[in-house]
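To keep things clear, I will list the structure first and then write my remarks on it.
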Amino acid sequence: MSAHAVSSLLASGSSCSSVPVEHLDYDFIQSCSDLKHLERILNVLRSRQEGFYPHLIDFCEKHMEELDPKNRFLWKEKPAATAACFSSEEWSDITEELQEWETNIRMNEVKLSGSSMFCDADSVPAIRCSKTLQENIRSEVKKHKTASVPRAYRDWDRFDVEKECAKIDECDMNPPAVITRPAPQDFKHTINSAALRDQEKDALACREKDKGNESFRSGDYEEAVVCYTRSLSLVPSAAAFNNRAQTHIRLQRWSAALSDCQAVLQLEPDNVKALLRRATVHKHMGHLQESRDDLLKEPHNTTAQKVLMEVTETAAQTHQQKHRAGRKLFIQECDDGDDPEIMTNTHNTESPNRDRSEESIQTDRRVGPAPGTTKAPPTELTHLKTEEHLLLGEKEALETNTQTVSENTPAETRRRSPSKPRRSVPITEVEDEEGDEDQDSAINRPSVSLQPSNAFEFGQVLNAACAHGDLLTCAELLRNIPSERLPQYISTQLNGQTISFIIKTLNKHLRSHPHLLYEHLKHLQTTHRFSMVWMLLDSEDRTQLMEIFQNLSVVQTEAFSQDDVKSLANKYI
Amino acid sequence: MTTTLEKPQIIAHIQKSLNYTVFESKWIPCSAKFICMGNLARGTGVMQIYEIQHGELQLVKEIEKAKPIKCGTFGATSLQQRHLATGDFDGSLNVWNLEVPDCPVYSVKAHKEIVNSIDGVGGLGIGDGAPEIVTGSRDGTVKVWDPRQKDTPVANMEPVEGETKRDCWTVAFGHAFNNQDRCVCAGYDNGDIKIFDLRNMSLRWETNIKNGVCCVEFDRKDINMNKLVATSLEGRFHVFDMRTQHPTKGFASVSEKAHKSTIWQVRHLPQNRDIFMTTGGAGNLHLWKYEYPAQRSKKDADDVDMGVAGTVNLLQNVTVSTQPISSLDWSPDKQGLCVCSSFDQSVRVLIVTKLNRV
């Protein structure tokens, strides 16, 4: 018999027969990463059936902690900490803090009892009137009580099948009403503080602020605003204003945030958080100069530096733009008289009145207005339309857009670079960066930037572009992301439509970047679900793919050889 | 390891042995004092006020009453008056002015049997609206009282005659975010949890968690219902997410098994509603933190909103006694300071460190 069989026989008497003795070993535990098995091993060791090995138990526990710190097997009974568990420094800190608190609270208590005992009975609401409603409660309770007691045997004689079925049908007919939560408007926004003394006011204001903080942390921004408002109605404090400003920023209410930041800075002109938040608000409202001023006041702060960099970049871009008197565009080899590849531009220095609804999804700015037209590159420019051929629909769409763009167009009489077909002018995409405002941007503003930093943003942009048939945007998007991250960004969103769209884009717009094209294709085929979706490609897509590969094989470059291209082509075709 | 050092530590700061069975200990708001209530060996009730002075407990006052006292709350009194409302073994509800304890400020024979649990709202700046006290008793009824109304309760939730009465073991107020709204949550010995809405005077929700409910508590009394923790026999507690109520499925919940014995009490930290401590029948304390899920509600198959429960993580656990810890109270003035009492006739003052870094 093998050692394994013997040991399992021996162990079969105990309840832990699944763990052979060889596993109770340092090397095995070190190499094992299956948590369930480790738990079983730990059970065996702790039960001491195979002997008591305290060092091995510790080792196993440490290993499990590395793998899964929150495992419940690591919960151990231990006594409460005492002075001995802390260094003398820590312990003295703790005791001193407590001492200080004791003296303070005693002073407060004296103050509290010393003041007058007038109780303002008017401010307290009346006694809840309830006499008539007690019966309702009882009957309510009664209904439920009958349900919980099992029916007596005799009751079954009186059971009427038809009636019960009818009752059930009735229940189905009337679906239970959805119980809605009270809206934040039901909260009182101010507290009547006439009857309160200063101490009580302070305590209450603090409490409301804490409630606001908690709501903020759990994501209920509206409630948080109400709590902070209540706190401020009692005792205006810089902290509450500051927090309310941050909540407004999360809700994208820039003007409200701005006024709150101003309030803080009136109380405390050097408040760092308020300066940073105001800078963020300015950046989003487009007042770049004020934003910079605010950020420069606090040069040492790392967040400030980061935001400052972003702001300077944006400012530089607008500046450059204004100088060049027009947007730079990307013109492709348009010998075929293709549609003008005009980049959609978003202007960062938008006048405030454009940004009317601050909570609106900002995709609208970027993506064109003509969903019906398939390949129409949506634009907000005017001049280029005279050059290449445009679909009629686009022209109209452009005209409507022109008005909104009017403040820019005169300034930017755009220079073009039409005549040299192969010249590619790099785009300066001028729009807001996805702000990392204050290092915690939990908002994902959908697809403002064509420089996505995660799969969600990428997906948003791609979907929007796909819906509008906007190959240009897609091309820009694909150009901006590193190829290696393409599968990660696409993640599980790959479907027939998307891949067809991507292929079209690659074929049309990335011909001049063979290297990029190759890399993209290489990584695309490692995307999740690629194999499935690949089967759904229709003949048109395949012809496009063939074109791509033909072009690639023509290109001579060091990065990849003809054979690489051929092998890649095999994967696709 | 750095991780263990970052975890909150529970320090047993002061321990005192008493000569009576102590059922409840509560901090007196805005002070460094707490009050212990219990049952002397000679069958009478006792209340003792202790003050923390230089790391020691000093007895400030001792009050003896005719009947043993089971539970008490400061919830329905103003910060200035700080009257204590108590329920005793005889079923009486009394409100005491601790400066002048000879005669109660308000007294009523609330129930026919022992008052198991009591809670107050509307005082101490918590909860807008009228100050109210709710009591739950072994006679199966839950009654809400207003100290301005003599003899009759403001609301009464009781089983109809002839039905089997289930002991009510615990009551809690919640959802008191404006003058009119209030909810009372009651837990019974057969595992029922019921929420009564006092504004509509109706039963809002009920469920059964299969084991007797020892303690229920909302995470905060004076907000829109956010979370409810219910603890039970056999070492299990449930955290309900009260944001979204599905018409048939009710509230989403997550449950955790710990302690290996009855979980006697759950208390949320007044300064952070996502941290709570549970006390066990084996004399142990577990400190937990609730993490919210990414989406707190989702649509079910019929496109009706239903809630999503988050996760509960154990921050720290200690064993301070061998007997059940029957009561625990966080200090509303100092974060991390708490007093607990257990059936080994002792009361302990604990300090929990690093809570602001959790």
Side-chain angles (χ1 to χ4, degrees), chain A residues 69-70 72 75 77-82 85 94-95 98-99 101-102 105-106 108-109 112-113 115 117 119 124-128 130 133-134 136-142 144-146 149 175-179 181-182 186-188 191 197 199-200 203-204 207 210-211 214-215 217-219 223, chain B residues 3 9-12 30-32 52-55 78-80 125 128-131 146 148-149 154-160 163-164 177-179 181 196 198 201-203 206 220 223-224 226 243 245 247-248 271-274 284 292 296 304-305 313-314 317-320 333-334 350-351 353:
Chain A
K70 294 192 182 161
R72 61 171 58 230
W75 295 355
E77 304 269 315
K78 47 182 171 287
T82 53
C85 305
I94 294 173
T95 40
L98 192 62
Q99 201 52 45
W101 170 76
E102 271 177 52
I105 200 86
R106 233 169 273 144
N108 282 349
E109 200 186 351
L112 195 62
S113 50
S115 32
M117 294 280 286
C119 199
V124 183
I127 303 172
R128 198 182 290 275
S130 63
L133 298 163
Q134 276 179 14
N136 287 352
I137 289 265
R138 277 198 218 116
S139 57
E140 280 287 347
V141 175
K142 174 192 175 179
H144 292 275
K145 288 291 180 184
T146 45
V149 175
V178 176
I179 300 152
R181 288 182 62 78
D186 288 352
F187 291 83
K188 262 193 357 203
I191 303 178
R197 243 146 292 116
Q199 262 177 315
E200 291 180 335
L204 267 185
R207 208 187 138 77
D210 285 339
K211 275 161 64 178
E214 288 168 355
S215 297
R217 257 179 269 151
S218 74
E223 254 187 66
Chain B
T3 44
Q9 300 292 320
I10 303 179
I11 305 171
C30 198
S31 75
I52 303 181
Q53 282 179 8
H54 310 289
S78 74
L79 200 56
Q80 227 222 352
D128 293 338
D146 189 314
R148 298 169 292 178
Q149 179 170 286
V154 158
N156 181 358
M157 279 74 81
E158 62 179 20
V160 87
E163 294 297 334
T164 45
F177 64 93
N178 63 20
N179 302 20
D181 278 87
F196 303 103
L198 293 182
M201 289 292 184
S202 64
L203 180 71
E206 63 169 355
R220 276 212 185 253
I223 55 170
N224 234 333
N226 187 42
R243 282 277 130 145
Q245 182 170 5
T248 44
Q271 291 87 3
N272 185 341
R273 70 185 188 192
D274 300 322
N284 40 18
Y292 293 97
R296 288 188 70 182
V304 180
D305 272 329
N313 297 325
L314 179 69
N317 67 323
V318 293
T319 308
V320 293
D333 306 300
K334 175 121 179 66
L350 308 169
I351 302 175
T353 59

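Nothing here was measured: the structure is a model prediction, and the numbers come from that model. Convention: sequence-line order gives letters A, B, ...; per-chain numbering from 1.
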Heavy-atom pair count under 4.5 Å with chain B, highest-scoring of A/A203, A/S215, A/S218: A/S218
Among the listed options A/D210, A/I105, A/L98, A/T95, the residue most often paired with chain B at heavy-atom distances under 4.5 Å: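 Option with the top pair count is A/I105.
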Quick check on [X] against chain A: is it the side chain, the backbone, both or neither that has a heavy atom closer than 4.5 Å?
X: B/L79; value: both
X: B/D333; value: both
X: B/D146; value: side chain

Distance from [X] atom [atom1] to [Y] atom [atom2], nearest 0.5 Å?
X: B/Q53; Y: A/Q99; atom1: CD; atom2: CD; value: 9.5 Å
X: A/I94; Y: B/T353; atom1: CD1; atom2: OG1; value: 5.5 Å
X: B/C30; Y: A/R106; atom1: SG; atom2: CZ; value: 12.5 Å

Heavy-atom pair of closest approach, residues B/N272 and A/E214: CA-OE2, 3.3 Å
Shortest non-hydrogen contact from B/I52 toward A/E102: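 Minimum heavy-atom contact is O-OE1, 3.0 Å.
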Under the side chain to side chain donor-acceptor pair (under 3.5 Å) test, residues paired with B/R296 that sit two or more places apart: B/N226, B/D241
Partner chain A: residue of B/L314, B/D305, B/I351 with the largest heavy-atom pair count (under 4.5 Å):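 If we count pairs closer than 4.5 Å to chain A, B/L314 comes out on top.
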Non-hydrogen side-chain atoms of B/R273 and A/R217 separated by less than 4.5 Å: no
Residue list, salt bridge (Lys or Arg N to Asp or Glu O under 4.0 Å) with B/K334, at least two apart or on another chain: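 A/E97.
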Test salt bridge (charged side-chain N to carboxylate O under 4.0 Å, His left out) applied to B/R243 and A/E223, step by step: CA-CA 13 Å; B/R243 282 277 130 145; A/E223 254 187 66; 3.0 Å; yes
